[in-house]
Engineer: 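Please find one structure pasted underneath; my questions will follow.
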Amino acid sequence: MSRNEAEVRAEKAEELRQAHINPYPSQSVPRTHTTQAVVEEFGDRLESGMVDPAGKVLTLCGRITAKRDSGNLVFLDLRDEFGRLQLKIEKKGVKEDSVLSFAQIKKLLDEGDFISAEGIACRTNKGELSLQVERLSILAKAQIPFPDVYYGVHDVEVCRRHREMHLASNPAILQRFKLRSQIIFQIRSFLTERGFYEMETPILQAIYGGAAARPFVTHHNALDVDLYLRIAPELYLKRAICGGFERVFELGRVFRNEGIDSTHNPEFTSLEVYQAYADYIDILTLVEEVIIHAAKTVYTDISQIPYQGKTIDLTPSYEYNGQKHWRILTMTAAVKEYVGIDFDNIDLETALAAVKAKGIHLSKLEEQSLGYLLYGVFDKCVAPQLEQPTFVIDFPVEVSPLAKQHRAKEGFVERFELFIQGMEYANGFSELNDPQEQRRRFEQQLAQKYAGDEEAHPMDEDFIQALALGMPTCAGMGIGIDRLIMLLTDTASIRDVVMFPTMRPRQ
RNA sequence: GGGUGACUAGCGCAACGGUAGCGCAUCGGACUCUUAAUCCGCUGGUUCUGGGUUCGAAUCCCAGGUCACCCA
């Protein structure tokens with residue numbers, strides 16, 4: 001029975017211990033240079049075959065990603081977060097007081113091991129900038145085979161279940177998640193500079209709300225009550241506005257108990273922003289500003305965002321009320337343009353016949369009223385066709401229980417959604433602040449819930465009481481951050497911008 | 001929820017009804033300028049799981065599992 005690689009590596013760790021070398025030491029490493037710093041300091045110096053004449057001793061640390069052994073000379077590739085540097089290790093060059101002897105380096109080190117190396121910058125005969133190693137020690141022994149350096153890990157299941165392998169074997173993936181972090185930082189600082197305060201509202205909620213979705217349920221033992229993981233922070237953020245905050249946001253995780261596909265993960269990151277004394281066009285403008293600011297952390301030219309073979313243009317060039325925006329069209333205009341049915345001048349019976357004549361399949365809910373029908377037709381037939389950034393505005397009141405009635409159009413609310421590449425990126429509206437009207441909306445939602453709509457909004461008395469205390473004119477918006485990061489990192493699946501996506505547990 | 005496809009050594013793949021094989025890695029050996037190092041040699045398998053058909057199944061059939069993609 002032969003040993004597998006994991007057993008071999010465990011034995012190597014044991015052999016280090018036998019030699020009184022801890023394969024997992026705890027001392028901090030006095031790093032003087034990252035791989036990048038070595039390139040910056042010596043990159044345009046040193047002739048081939050030369051060693052830094054100043055003899056400056058550098059200390060680097062990182063992970064071995066390749067080992068090339070040619071007898072009394074061994075080359076290791078050392079990778080840290082910033083890049084790669086070759087270590088040149090000559091038998092005669094390793095000092096007596098090195099933690100690992102030349103023989104131990106050859107025999108006991110493998111790809112994946114973390115090490116620290118002390119030596120002098122040099123350039124090999126073949127011209128590669130390297131570190132001529134004098135002392136080398138182990139920081140952490142890797143005990144399973146390191147992903148193939150040349151091929152990397154490409155099995156999507158391994159990449160997602162064991163993201164550390166994906167990251168360790170593929171610098172481009174590490175870069176994607178660095179960008180994610182930078183984008184989120186930029187969004188936070190943009191809003192903070194604009195006077196928005198970041199809130200931390202409950203994730204465990206007794207009544208979930210703020211969106212149309214099914215929640216995850218959990219149980220609090222001491223209170224002996226079921227609690228829901230939030231599907232949105234909306235209602236609490238508006239209560240903060242009722243209390244006197246004028247500009248608030250929350251950037252964090254929300255949870256929706258629904259299927260998993262390339263644009264849906266059960267937990268995802270949302271940004272919600274509320275601004276007092278603003279209306280939906282003001283907050284639509286803020287959506288543009290936030291997304292453009294985020295895009296500028298990645299691209300200098302926002303008119304040429306590459307996404308899955310297409311090019312997205314984020315330049316606001318559509319004239320609306322004297323301002324430049326992304327394309328704006330009302331939902332009825334959109335349906336008229338893309339489907340050819342004019343919902344502004346039609347009754348339910350005629351509309352139903354027209355929709356059915358086009359072979360569009362409808363749910364019971366969608367057959368109930370002109371509003372549900374309009375939204376259903378838009379959602380199925382128009383949204384998937386909106387490739388360049390497009391705001392669709394003025395939604396039916398039936399599908400918008402938290403939005404304020406339209407100032408001019410009966411049966412509609414002041415609401416928008418942003419679509420890019422047929423996908424919803426943002427949603428916002430002038431917030432309903434009339435407590436009596438809010439109660440009526442919740443009651444209508446309850447009626448739908450009893451009629452079988454599992455995503456209908458539940459009644460929330462605490463929220464109505466907050467509105468009764470008074471909420472100023474106000475508008476708010478939400479952006480799906482994971483989808484935005486997909487767009488800005490040209491990634492096809494949400495599961496590859498979420499570092500550890502939800503997967504069915506093994507066994 | 002429905003459809004399609006994938007699953008074989010640590011990794012990447014082949015064998016398509018007739019003895020499970022190749023490359024890389026691991027392991028042993030050689031080598032002071034390699035960089036997917038090279039050269040020589042040796043290991044390594046519940047072919048996702050269970051059942052069926054067959055003289056014989058990785059291969060065909062049925063059920064299940066995981067994943068991916070598409071549709072609702």
Side-chain angles (χ1 to χ4, degrees), chain A residues 1-13 15 35 46-51 64-79 83-94 102-103 105-113 122-133 141-163 165-166 168-170 214 257-265 308 359-366 376 379-381 383-384 422 454 491-496 501-507:
Chain A
M1 173 117 182
S2 84
R3 304 161 305 163
N4 64 35
E5 192 172 341
E7 286 163 346
V8 169
R9 284 173 179 247
E11 285 165 16
K12 287 177 177 176
E15 196 172 333
T35 55
L46 303 176
E47 308 261 313
S48 288
M50 255 183 78
V51 179
I64 298 171
T65 55
K67 188 177 176 185
R68 295 178 293 277
D69 180 348
S70 48
N72 290 320
L73 175 67
V74 174
F75 294 97
L76 298 180
D77 283 349
L78 181 80
R79 188 157 81 206
R84 184 201 80 102
L85 187 75
Q86 177 171 267
L87 306 183
K88 177 182 165 186
I89 307 164
E90 289 179 295
K91 186 174 185 181
K92 64 183 185 200
V94 178
F102 185 75
I105 292 167
K106 277 186 68 147
K107 188 178 177 207
L108 300 177
L109 291 186
D110 295 293
E111 287 174 20
D113 293 352
C122 69
R123 199 174 284 281
T124 63
N125 296 349
K126 288 282 173 66
E128 177 158 350
L129 184 65
S130 305
L131 186 75
Q132 182 164 289
V133 172
K141 181 77 195 158
Q143 300 228 9
I144 60 171
F146 194 71
D148 193 287
V149 178
Y150 184 65
Y151 293 105
V153 180
H154 291 296
D155 182 313
V156 288
E157 189 172 355
V158 174
C159 290
R160 292 170 182 173
R161 282 190 194 277
H162 290 284
R163 186 71 74 188
M165 280 196 177
H166 198 198
S169 67
N170 197 336
R214 295 170 64 187
N257 205 338
E258 55 195 21
I260 296 174
D261 63 30
S262 60
T263 57
H264 296 85
N265 195 58
Q308 302 296 297
I360 300 165
H361 182 263
L362 294 171
S363 69
K364 274 189 182 149
L365 192 68
E366 288 160 346
D379 197 42
K380 288 184 181 70
C381 305
E454 289 178 314
T491 304
S493 173
I494 192 170
R495 278 158 293 172
D496 291 319
T502 306
M503 302 284 278
R504 186 180 292 277
R506 276 303 204 183
Q507 285 149 10

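All heavy atoms count here, side chains included; hydrogens, waters and symmetry mates do not. Each chain gets a letter, A, B and so on, in the order its sequence line appears, and its residues count up from 1.
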Engineer: Output the single nucleotide from B/C67, B/U32, B/C27 whose closest atom is nearest the side chain of A/Glu90.
Structural biologist: B/U32
Engineer: Choosing from B/C70, B/U26, B/C33, which nucleotide comes nearest the side chain of A/Ser262?
Structural biologist: B/C70
Engineer: For the pair made of CD1 in A/Ile89 and P in B/C31, what is the distance, rounded to whole Å?
Structural biologist: 18 Å
Engineer: How close or far is atom P of B/G10 from atom CG of A/Asp155, stated in whole angstroms?
Structural biologist: 14 Å
Engineer: For B/C22, what is the paired nucleotide under Watson-Crick or G-U wobble rules, both distances under 3.5 Å?
Structural biologist: B/G12
Engineer: Consider the side chain of A/Asn72, meaning its heavy atoms from C-beta on, and name the nucleotide among B/C33, B/C31, B/U32 that approaches it most closely.
Structural biologist: B/U32
Engineer: In whole Å, what separates the C1' atom of B/C60 from that of B/C55?
Structural biologist: 16 Å
Engineer: Take atom P in B/U8 and the same atom in B/U54, then report the distance between them in whole Å.
Structural biologist: 29 Å
Engineer: Taking the nucleotide of RNA chain B with the closest heavy atom to each, which residue, A/Lys67 or A/Lys92, is nearer the 5' end?
Structural biologist: A/Lys92
Engineer: Between A/Arg123 and A/Asp261, just flag the one whose closest nucleotide in RNA chain B comes earlier from the 5' side.
Structural biologist: A/Arg123
Engineer: Once you round it to whole Å, what is the distance between C1' of B/C33 and CG of A/Leu87?
Structural biologist: 14 Å
Engineer: Does A/Thr35 use its side chain to pair, donor to acceptor, with the backbone of A/Gly83 at less than 3.5 Å?
Structural biologist: yes
Engineer: Under 4.0 Å from OP1 or OP2 of B/C27: is there any side-chain N or O of A/Lys12 that close?
Structural biologist: yes
Engineer: Within the structure shown, what part of the strands sits under 4.0 Å from A/Glu111 by heavy-atom distance: base, sugar-phosphate, or nothing?
Structural biologist: nothing
Engineer: Nearest to the A/Glu5 side chain among B/A25, B/C33, B/C31, which nucleotide is it?
Structural biologist: B/A25
Engineer: Hey, is the main chain of A/Ser493 close enough, under 3.5 Å, to the side chain of A/Asp496 for a donor-acceptor pair?
Structural biologist: no
Engineer: Among B/C27, B/C67, B/A25, find the nucleotide with the atom closest to the side chain of A/Asp110.
Structural biologist: B/C27
Engineer: So, the side chain of A/Arg9 versus the backbone of A/Ala142: is there a donor-acceptor pair under 3.5 Å, distance only?
Structural biologist: yes
Engineer: Using whole Å, report how far CZ of A/Arg495 lies from P of B/C67.
Structural biologist: 9 Å
Engineer: Side chain of A/Lys141, backbone of A/Leu108: donor and acceptor closer than 3.5 Å?
Structural biologist: yes
Engineer: Less than 3.5 Å apart, any donor N or O on the side chain of A/Arg123 or A/Gln132 sitting next to an acceptor on the other?
Structural biologist: no
Engineer: At less than 4.0 Å, is any side-chain N or O atom of A/Arg68 found next to OP1 or OP2 of B/U38? Yes or no.
Structural biologist: no
Engineer: When you compare B/G56 with B/G65, how far apart are their C1' atoms, in angstrom units rounded to a whole number?
Structural biologist: 27 Å
Engineer: Reckon A/Asn125 has a side-chain N or O less than 4.0 Å from the OP1 or OP2 of B/C33?
Structural biologist: no
Engineer: Under 4.0 Å between a side-chain N/O of A/Arg160 and OP1 or OP2 of B/U66, yes or no?
Structural biologist: no
Engineer: Please report, rounded to the nearest Å, how far the C1' atom of B/C31 is from the CZ atom of A/Phe102.
Structural biologist: 11 Å
Engineer: Of the options B/C33, B/A68, B/C69, whose atoms approach the side-chain atoms of A/Val156 most closely?
Structural biologist: B/A68
Engineer: Heavy atoms under 4.0 Å, any strand shown: does A/Arg9 hit a base, just sugar-phosphate, or nothing?
Structural biologist: nothing
Engineer: Choosing from B/A68, B/U66, B/C31, which nucleotide comes nearest the side chain of A/Glu157?
Structural biologist: B/U66
Engineer: Take atom P in B/C24 and the same atom in B/G17, then report the distance between them in whole Å.
Structural biologist: 30 Å
Engineer: Using a 4.0 Å heavy-atom cut-off across all strands, classify A/Lys91 as base, sugar-phosphate, or nothing.
Structural biologist: nothing
Engineer: When rounded to the nearest Å, what value does the distance between P atoms of B/C33 and B/U38 take?
Structural biologist: 15 Å
Engineer: Please report the distance, rounded to the nearest Å, between NZ in A/Lys141 and P in B/U26.
Structural biologist: 11 Å
Engineer: Please report the distance separating the C1' of B/C48 from the corresponding atom of B/A58, rounded so that it comes out in whole Å.
Structural biologist: 12 Å
Engineer: Picking from A/Leu76, A/Asp77, A/Ile105, what satisfies side chain to side chain contact (heavy atoms under 4.5 Å, CB included) with A/Leu87?
Structural biologist: A/Leu76
Engineer: How far, in whole Å, is B/U43 from B/C22 if one measures between their C1' atoms?
Structural biologist: 15 Å
Engineer: Does A/Asn265 reach the main-chain N or O of A/Thr502 with its side chain, forming a donor-acceptor pair under 3.5 Å?
Structural biologist: yes
Engineer: Expressed as a whole number of Å, how far does the P atom of B/A36 sit from that of B/U26?
Structural biologist: 16 Å
